[in-house]
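Comments concern the structure below.
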Amino acid sequence: MSDAEMTAEPVDYSKTLFLPVTDFPMRAGLPQREPEILAKWEREDLYRAQRAKAAGRSKFVLHDGPPYANGHLHIGHALNKILKDVITRQKQMEGFDSNYVPGWDCHGLPIEWKIEEKYRAAGKNKDEVPINEFRAECRAFAEHWVEVQSAEFQRLGVIGDFRDPYLTMSYEAEAVIANEIQKFALTGQLYRGSKPVMWSVVEKTALAEAEVEYQDHTSDTIFVKFPVTSGGDHAGASVVIWTTTPWTIPGNRAVSFSNRIAYGLYRVNDAPEGNWATSGDTLILADKLAEEVMKAAKVSSFQKIATVSAADLAGVTLAHPLAALGYDFVVPMLDGDHVTDDSGTGFVHTAPGHGREDFEIWMSNARALEARGISTEIPFTVDDAGVLTEDAPGFVGRTVITADGDKGDANATVIGALIAAGALIGRGRLKHQYPHSWRSKKPVIFRNTPQWFIHMDSDIEAQGDTLRARALKAIEETTFYPPAGQNRLNGMIANRPDWVVSRQRAWGVPIAVFRNTRTHELAPGPQFAGNDELMTRVQDAFVEHGADAWYEAGAKERFLGGLVDDLAEWEQVTDILDVWFDSGSTHAFCLRKRPDLKWPADMYLEGSDQHRGWFHSSLLESCGTNGRAPYDSVLTHGFVMAEDGRKMSKSLGNIVSPQDVISQSGADILRLWVMASDYADDLRIGKEILKTNVEAYRKLRNTIRWMLGTLAHHDAALDPALGEMPELERLMLHRLFEVGETVKAGYAEYDFKRVVGAIMNFMVVDLSAFWFDVRKDALYCEPHSSVKRRAALAVVAHLFDALAKWLAPMLPFTMEEAWGHAHPGATSIHLELFPELPTAWKDEALAAKWAKVRDVRRVITGALEVERAAKRIGSSLEAAPIVHITDVDLVTALEGVDLAEVAITSGVTVTGEEGPQEAFRLYDVAGVAVEPNKAVGPKCARSWRIVPDVGSDPEFPDVSARDAAALREWRARGGAA
RNA sequence: GGGCCCGUAGCUCAGCUGGUUAGAGCGCGCGCUUGAUAAGCGUGAGGUCGAAAGUUCAAAUCUUUCCGGGCCCA
């Protein structure tokens, strides 16, 4: 020990240092802190403050896709809203007036179902309740969930006009939606047709394809003979069909075959006593399936006696197997591509009222059939309760599916009749995927129903100006993130059939049109062009009373009175609109009506399932009424999976709820998870992934915290000019500028993981592990007046300002908290703009030079690590290595660089000579060899460096000259001695 | 069954139009520090780039098939 140290009083020099000081806690406690920040935003009305601040700026409108107002939020909602919020906030900070108006989808089956369930539980029947009373209950139910979800969305940190959201059930919305469908009627795009639709007997409604799910179901299967009545030379033979829906046999009007399948005529040679198929029967079957069919028919011996060609079959006509019961019409054979010989018989029983393909082949052959004298009228064989009608003679009153969703007696009765008619040759059961209602989970049926459609391919204003053509063009003019979305939507629009918009339900917006029962004209309709009185009446009434007005007594007189010659000829349509039409109209009643928004929207943002949903319906709705898409860009995200990449499910117990994450870790953690993920693909979440994000958050928070503590000593008035700053500070400003470029580019492409990645990497590698570590000595120990210290402080201030702002859209709670610590009394970071960094900061030459310096540094730290492992040194300040540099470039790079400072050692000796054999080298840094060398001499009690000038100042004998100077300043500024 | 998409270290992600021993951060192991301390620094170990075949002088990068996963349809 030196004399100086011996004689010195033991002083606690830490009090004389500029150590970080901050109240910003290391541990976030987000679950408690976030609600406090929310309360502050509420108190200060941040949303309106943002609007005021941005008044006059150009608008950016991300139009919210309305979630359905039932139930709590799940993780998918959280993902969706977080992305929307980050973009909203990003655009606000980029200098737009970025106004987000949340919305809710309120009409529709699921809510109606809930209310019905309630009635059932109370032993009431929905049909006994007046419709507007029922609608009022649905409205109240939706209102409740809007409130719940609104609170849950806000808890995620989502900022928007939650005090005045849009609702599809608001009176204004209902009025506009009704007017929108009237526009389709007015321009002749709306028509009434009949079509088999997916029908749920339990809910008594047609279902959209989005409303059915495929589940295992066991069906009765039957093999049925259709006797040949004419054509070819197959007299006495029968064509055999196979079906899983025996109850559709009364609806049969044709049998389909395929010209790509090889058929043959088969004779039964032998069969057991009492078998349905008996010796001598001749059956026409697909060659590939003949053996299977014979086996199913329990035939013990058979042989092929002839080949049957497709041309033959086309000329064949059949008799209905139940002709004796009244089905005494001609059953034609139709050639269809949908027929295969993968299973069944190679022939498809075709009931145009019970299947989409059946309907399509029937209609495409309509003219030819009529020419043959065959009526193409499609029978309505099943009513809305799943009961067979008079169009199904012999089976009237038989039930396909009961009100509870169970199998009725129709199948058994039809099978019995077929047996009695000698038409059945085999039967069985098949477990297969069958459509079920998403609500009741009960099987659905295809039944022929009158429905309202919007034409995809009829001319609107000019020849070729069809809805499909308009929509395809609009897709081309839209920007998709990611680009694959364009293909996907395009493919769907290109191939979709006409748009069914009607529902036979109560809770929704009525198709507010009238139909002339004699002429089939619509009101409004093309004949009403130029007369908008009807539309105005509906508009006014709905705005005042809601769509309930449509159901009030005297509605027809009220709306149509005086506008047509004979009111009695007109019937009021009571069907309601499919909810996809409602949500497809949000742009009309929200974007167009609100002066604080604009039309079209800059962006629609939803999960990739919405290519079939909201992107799709909004596109068609707007193209039909406005001729273009209601959006300029569409951004899609994937779905949230469990940690193993599979779907989350209750049975696996791997569901992660946003509520749990928020209460355990905080909303900012959830947001960080979204930001770090590739949202364009499916995302994964689980215990480990959340832990990773919590760790990343901690690192980020601590780095912010150190800056805040350091800034306690910052006085902007003392900031040196850029030119006065040391190279190391200018290097950091350069790096900050570079990171800023990446951040800007990342945000521009909504590539948040790139933004987070660049920021995290910068904070960890450049700041925490390098610059902070190096500069702690200067920041803590240098005299108050030191340029080096003041320059470092100025840089910390720039770093904090930029990083906090860049992170603010992503981590709004944490950055608000940090901002408050940096700027006591400031309102909110969310009223700030992203920083414009001076291009003067950019200095590539400096960066190139310092890349080399850091290479040399790596060799030194590597050498010290060896010493540490050998227990020869601990702290790097115990070393004063000898650095041999033989690379000319490196020598140049090191000019003016204090290597000891950079490597955080007590000294460095640089030589230009080749180092000794045993010196430390790195394979990827040529021309550098380091001899670790222990620093010798007295240790400065204040800065802990071992430097020769310790004790050179007699007044402060145990510290270095630099620290002595610092102490003198410190005392002069009032520090206690 | 069809359309669109995805599959790189334990985790999250980079790897452009094919070209040296495939990278980063986090996590993990070990060491240091104790003036960012329920923190900080250093260092180390981790990958047959889902699998196979093909094109090529050369493939994580192109082609095909298969496997696994997702969304939307049937």
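Just so it is clear: chains get the letters A, B, ... in the order the sequence lines come, proteins before strands, and each one is counted from 1.
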My understanding is that a pair needs two contacts under 3.5 Å, Watson-Crick or G-U wobble. By that rule, which nucleotide pairs with rG47(B)? none
Syn or anti: how is rG50(B) classified when any glycosidic angle within 90° of 0 counts as syn? anti
Under 4.0 Å between a side-chain nitrogen and a carboxylate oxygen: does that hold for Asp23(A) and Arg705(A)? no
For a quick check of understanding: with a heavy-atom distance under 4.0 Å over all strands, which category does Arg754(A) fall into, base, sugar-phosphate or nothing? nothing
Test of ring centre spacing under 6.0 Å for Phe446(A) and His354(A): no
Counting heavy atoms from C-beta on, name the nucleotide in rG70(B), rC26(B), rC41(B) closest to the side chain of Glu695(A). rC26(B)
Could you check whether Thr22(A) gets within reach of a base, just the sugar-phosphate, or nothing at all, counting any heavy atom under 4.0 Å? nothing
Aromatic ring proximity, centroids under 6.0 angstrom, Tyr750(A) and Tyr481(A): yes
What is the nucleic acid contact for Gly638(A), judged by heavy atoms within less than 4.0 Å: base, sugar-phosphate only, or nothing? nothing
Report yes if at least one side-chain N or O of Lys647(A) is closer than 4.0 Å to OP1 or OP2 of rG69(B); otherwise report no. no
Identify whether any heavy atom of Lys871(A) sits under 4.0 Å from a base atom; if not, whether one sits that close to sugar-phosphate; answer base, sugar-phosphate or nothing. sugar-phosphate
Re rC26(B): Watson-Crick or G-U wobble partner, both distances kept under 3.5 Å, found to be rG10(B)
Output the single nucleotide from rC4(B), rG35(B), rC41(B) whose closest atom is nearest the side chain of Ala484(A). rC4(B)
Would you classify Gly709(A) as touching base, sugar-phosphate or nothing, given that sugar-phosphate means primed atoms plus P, OP1 and OP2, and contacts are heavy atoms under 4.0 Å? nothing
Hey, does Arg942(A) reach any base, or is it just sugar-phosphate, or nothing, if we go heavy atoms under 4.0 Å? base
So what does Met707(A) hit on the nucleic acid, given a heavy-atom distance under 4.0 Å: a base, only sugar-phosphate, or nothing? nothing
Lys/Arg cation over aromatic Phe762(A): Arg735(A), 6.0 Å, 45° cone: no
Side chain of Arg488(A) (C-beta onward), nearest among rC4(B), rC32(B), rU43(B): rC4(B)
Specify the separation, in whole Å, of atom CG of Leu877(A) and atom C1' of rC41(B). 12 Å
Both distances under 3.5 Å, Watson-Crick or G-U wobble: report the partner of rC71(B), or none. rG3(B)
Tell which nucleotide pairs with rU20(B), taking only Watson-Crick or G-U wobble pairs whose two distances are both under 3.5 angstrom. none
Identity of whatever pairs with rA58(B) - Watson-Crick or G-U, under 3.5 angstrom: none
Distance check: side-chain N/O of Arg356(A) vs OP1/OP2 of rA74(B), anything under 4.0 Å? yes
Asn702(A) side chain, from C-beta outward: closest of rC41(B), rA39(B), rG35(B): rA39(B)
What is the distance from CG of Leu19(A) to C1' of rG35(B), rounded to the nearest Å? 5 Å
Which nucleotide, if any, forms a Watson-Crick or G-U wobble pair with rU63(B), using both distances under 3.5 Å? rA53(B)
Nucleotide paired to rC32(B) in any strand shown, Watson-Crick or G-U, under 3.5 Å: rG40(B)
Donor/acceptor link under 3.5 angstrom from Lys753(A) side chain onto base of rA14(B): no
Is any N or O donor-acceptor pair between the side chain of Trp706(A) and the base of rG40(B) shorter than 3.5 Å? no
Checking side chain to side chain donor-acceptor pair (under 3.5 Å) for the pair Thr350(A)/Asp358(A): CA distance, chi angles, key distance, verdict? CA-CA 5 Å; Thr350(A) 300; Asp358(A) 300 41; 4.6 Å; no
Does OP1 or OP2 of rG27(B) have a side-chain N or O of Lys699(A) closer than 4.0 Å? no
Charged tip of Arg701(A) within 45° of Phe24(A) ring normal and under 6.0 Å: yes
Has the side chain of Thr710(A) got a donor or acceptor atom sitting under 3.5 Å from an opposite partner on the base of rA36(B)? no
